[in-house]
Engineer: 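I'd like to ask some things about the structure below.
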Amino acid sequence: MFTPRPSQGAAAEDPLTRALNGLIPPNESPAEREQRLALEANARMISDAIDEKLKIERQERRNKKIVKILLLGQSESGKSTTLKVLQLYYAPQSLRQEAFAWRTVIHLNLLRSIQLVMDALSQANRENAPSFTDDLRRLLIKLSPLKQAEELLRMRISPPQEEGDSQLVLPEASEFSVRSASGWKQAFNKMRGNSSSKDDIRFDTGPASILEACSEDMTALWTSPAARQILKQRRIRLEESSGFFLDDIDRIAKKDYEPTDEDILRARLRTVGVQEHKISLELGPEKGQDWYIYDVGGSRSQRSAWESFFDDVNAIIFLAPLSSFDQSLAEDKRVNRVEDSLLLWKSICSSKLLAKVELILFLNKCDILAKKLESGIRLAKFVPSFKDHPNNVETVTKYFRAKFKAIQKEYSPSPRMFYGHLTSVVDARSTALIVANVHEVIVKANLHSANVL
Ligand SMILES: Nc1nc2c(ncn2[C@@H]2O[C@H](COP(=O)(O)OP(=O)(O)OP(=O)(O)O)[C@@H](O)[C@H]2O)c(=O)[nH]1
Ligand SMILES: [Mg+2]
């Protein structure tokens with residue numbers, strides 16, 4: 001055996017270190033040389049194996065690299081609905097498992113719409129409106145038990161004994177919401193134990209019985225020409241409002257009602273706070289990758305929380321609802337909704353923090369936009385710069401797309417691709433095609449950031 005050089009200390013005892021350092025002991029005999037070469041070969045093998053393992057681990061980390069997607073846009077723009085579409089696309093079973101929880105939200109949506117009709121009629125009654133009939137008075141009395149059903153349903157979404165676990169937020173603009181971090185859907189699952197969605201529905205008496213008992217009277221109220229006239233006089237257009245289920249009373253007020261995927265997409269529950277949703281991709285080349293999707297509250301009071309999620313985000317899906325061109329913000333009646341979307345888009349595009357983030361724009365609610373334009377509502381009345389261009393959906397969407405694209409080009413700190421889609425995210429089928437496209441953009445963004453790191 002050779003004697004290590006004193007300066008190399010204990011580390012030189014290690015054959016791997018010695019081999020790597022290329023040390024050749026003085027006065028080496030042929031047998032010692034053979035032994036050393038064998039040790040070196042062995043050490044090289046071990047070293048190569050370690051290198052290979054590290055390379056695989058690095059690749060795995062890259063492949064596994066968490067993808068962060070942020071959903072942004074004003075309130076009611078369709079962020080939570082887009083989250084549901086992504087869930088439906090990537091993990092349909094998980095959405096089905098939430099059907100019972102969404103059923104309660106849908107019942108509450110229906111009751112809210114009925115309440116808005118009843119409020120308008122009561123007001124007409126107080127003002128002695130000639131269109132208020134005795135039939136309507138009778139219907140209002142017969143529908144009074146609905147108040148109790150609503151209270152029971154609200155308690156179910158936010159049971160008092162689950163304090164701190166699920167927190168009901170008091171209505172803002174007569175809408176209810178649940179703090180997203182509170183896990184209200186999980187609270188439902190706890191209540192359910194191991195039962196299936198169908199079992200829940202069978203044993204769901206209480207509010208469901210009241211709804212079923214009132215079903216015919218609710219339909220009579222909603223289809224009454226006198227009630228319709230009062231709503232029209234007061235310019236109440238419930239058909240365009242969020243969580244509209246009045247045309248489906250027969251189906252939804254049945255005790256054994258089970259929501260379809262489309263019903264779940266149309267259900268409205270205002271987001272308060274930030275909801276994190278993890279999707280583990282099960283198929284395709286990105287198998288094993290985890291996607292974290294963040295759904296934020298869009299009303300003005302909620303927007304200050306957005307920036308803390310900008311860090312290491314890969315892509316942003318920004319929703320701008322085009323149908324709201326004739327509406328103002330619920331939180332500030334002086335601000336036109338499309339104007340607000342354009343200003344928000346400008347601030348996202350110009351953010352230096354987001355300079356390297358892919359922005360994907362959904363010009364949403366194109367279905368409602370088409371109906372509005374067909375009904376004769378003119379865009380130029382609310383957006384004078386549209387001038388006397390044809391008031392049809394093709395021209396209007398083209399006009400808005402160009403406007404958003406120009407803002408991105410002008411305000412982005414460095415050039416970026418423009419991904420603008422015309423969407424109606426409640427339509428799962430047409431949105432699936434867009435999701436496939438968005439998937440590609442996100443995968444590219446992730447690869448790019450992995451290579452940069
Ligand atoms: N008809 C139609 N309805 C839509 C569309 N997108 C969303 N909605 C409905 O609009 C309502 C509001 O959508 P949400 O997804 O809750 O809006 P949000 O952006 O999450 O709103 P906040 O949580 O308040 O920030 C829901 O009832 C949706 O079903 C669309 O493209 N067409
Ligand atoms: Mg939301």
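Nothing here was measured: the structure is a model prediction, and the numbers come from that model. This chain uses plain numbering: 1 for the first residue, then up along the sequence. Whatever order the structure lists them in is the order used to number ligands and atoms, beginning at 1.
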Engineer: Which ligand 1 atoms does S242 reach within 4.0 Å, using its non-hydrogen atoms?
Structural biologist: 10 (O), 11 (C), 12 (C), 27 (O)
Engineer: If you count the atoms of ligand 1 from 1 in the order shown, which ones are under 4.0 Å from a heavy atom of G297?
Structural biologist: 25 (O)
Engineer: Per the side-chain contact (heavy atoms from CB on, under 4.5 Å) rule, which among V313, I442, V441 passes with E358?
Structural biologist: V441
Engineer: Quick check: does T271 get an N/O under 3.5 Å from an N/O on ligand 1?
Structural biologist: yes
Engineer: For the 3.5 Å polar cut-off, considering only N or O atoms, please tell me whether T423 and ligand 1 meet it.
Structural biologist: no
Engineer: I'd like to know if the side chain of Q123 pairs up with that of D119 as donor and acceptor (distance under 3.5 Å, no hydrogens or angles considered).
Structural biologist: no
Engineer: Step through the shown structure and confirm whether more than 12 heavy atoms of other residues, nucleotides or ligands are within 6.0 Å of CD on Q148.
Structural biologist: no
Engineer: Using distance alone, determine whether S299 and ligand 1 share an N or O pair under 3.5 Å.
Structural biologist: no
Engineer: Report yes or no: does a heavy atom of G73 sit under 4.0 Å from some atom of ligand 1?
Structural biologist: no
Engineer: Checking R300 now: which residues fulfil side chain to side chain contact (heavy atoms under 4.5 Å, CB included) with it, not counting sequence neighbours?
Structural biologist: R303, L329, E331, D332, V335, D340
Engineer: Tell me whether N391 contacts the main-chain N or O of G376 through its side chain, where contact means a donor paired with an acceptor under 3.5 Å.
Structural biologist: no
Engineer: Is the CD atom of E307 crowded by more than 12 outside heavy atoms at less than 6.0 Å?
Structural biologist: no
Engineer: Evaluate D367 for polar contact with ligand 1, using N/O atom pairs at a separation under 3.5 Å.
Structural biologist: yes
Engineer: Answer yes or no for Q74: is there a heavy-atom contact with ligand 1 below 4.0 Å?
Structural biologist: yes
Engineer: Closer than 4.0 Å to some heavy atom of L265 - which atoms of ligand 1 meet that?
Structural biologist: 28 (C), 29 (O)
Engineer: Is the closest N or O pair between R270 and ligand 1 shorter than 3.5 Å?
Structural biologist: no
Engineer: Report yes if the side chains of S224 and D135 come closer than 4.5 Å at any heavy-atom pair, otherwise no.
Structural biologist: no
Engineer: Run the numbers for me: atoms of ligand 1, each under 4.0 Å from some heavy atom of G243, listed by number.
Structural biologist: 27 (O)
Engineer: Measuring from atom 17 (O) of ligand 1, which candidate in P321, S80, G78 has the nearest non-hydrogen atom?
Structural biologist: G78
Engineer: Which protein N, O or S atoms does the Mg ion (ligand 2) have within a distance shorter than 2.8 Å?
Structural biologist: S80 OG, T271 OG1
Engineer: Given K365, K371, R268, which one has a non-hydrogen atom that is nearest to atom 9 (C) of ligand 1?
Structural biologist: K365
Engineer: Between H389 and Y399, how do the two ring planes meet: parallel, tilted or perpendicular, split at 30° and 60°?
Structural biologist: tilted
Engineer: Compute the ring centroids of F244 and W222, then answer whether they are less than 6.0 Å apart.
Structural biologist: yes
Engineer: Regarding S424 and D427, do their side chains bring together a donor and an acceptor under 3.5 Å, going by distance alone?
Structural biologist: no
Engineer: Any side-chain heavy atom of S75 within less than 4.5 Å of one from Q302?
Structural biologist: no
Engineer: Parallel, tilted or perpendicular: which fits the ring planes of Y294 and F309, with parallel below 30° and perpendicular above 60°?
Structural biologist: tilted
Engineer: Of all the atoms in ligand 1, which lie at a distance below 4.0 Å from a heavy atom belonging to T81?
Structural biologist: 7 (C), 13 (O), 14 (P), 15 (O), 28 (C), 29 (O)
Engineer: For atom 2 (C) of ligand 1, which of the options L71, T431, V426 provides the nearest non-hydrogen atom?
Structural biologist: V426
Engineer: Nearest 0.5 Å, please: how far is CD1 in I360 from OG1 in T423?
Structural biologist: 12.0 Å
Engineer: Give a yes or no on this: more than 12 heavy atoms of other residues, nucleotides or ligands lie within 6.0 Å of atom CD of Q93.
Structural biologist: no
Engineer: Can a non-hydrogen atom of C366 be found less than 4.0 Å from any atom of ligand 1?
Structural biologist: no
Engineer: Could you list the atoms of ligand 1 found under 4.0 angstrom from a heavy atom of V425?
Structural biologist: 6 (N), 30 (C), 31 (O)
Engineer: Give the atoms of ligand 1, by number and element, whose distance to some non-hydrogen atom of S424 is under 4.0 Å.
Structural biologist: 31 (O)
Engineer: Taking everything shown except Q233 itself, do over 12 heavy atoms lie less than 6.0 Å from its CD?
Structural biologist: yes
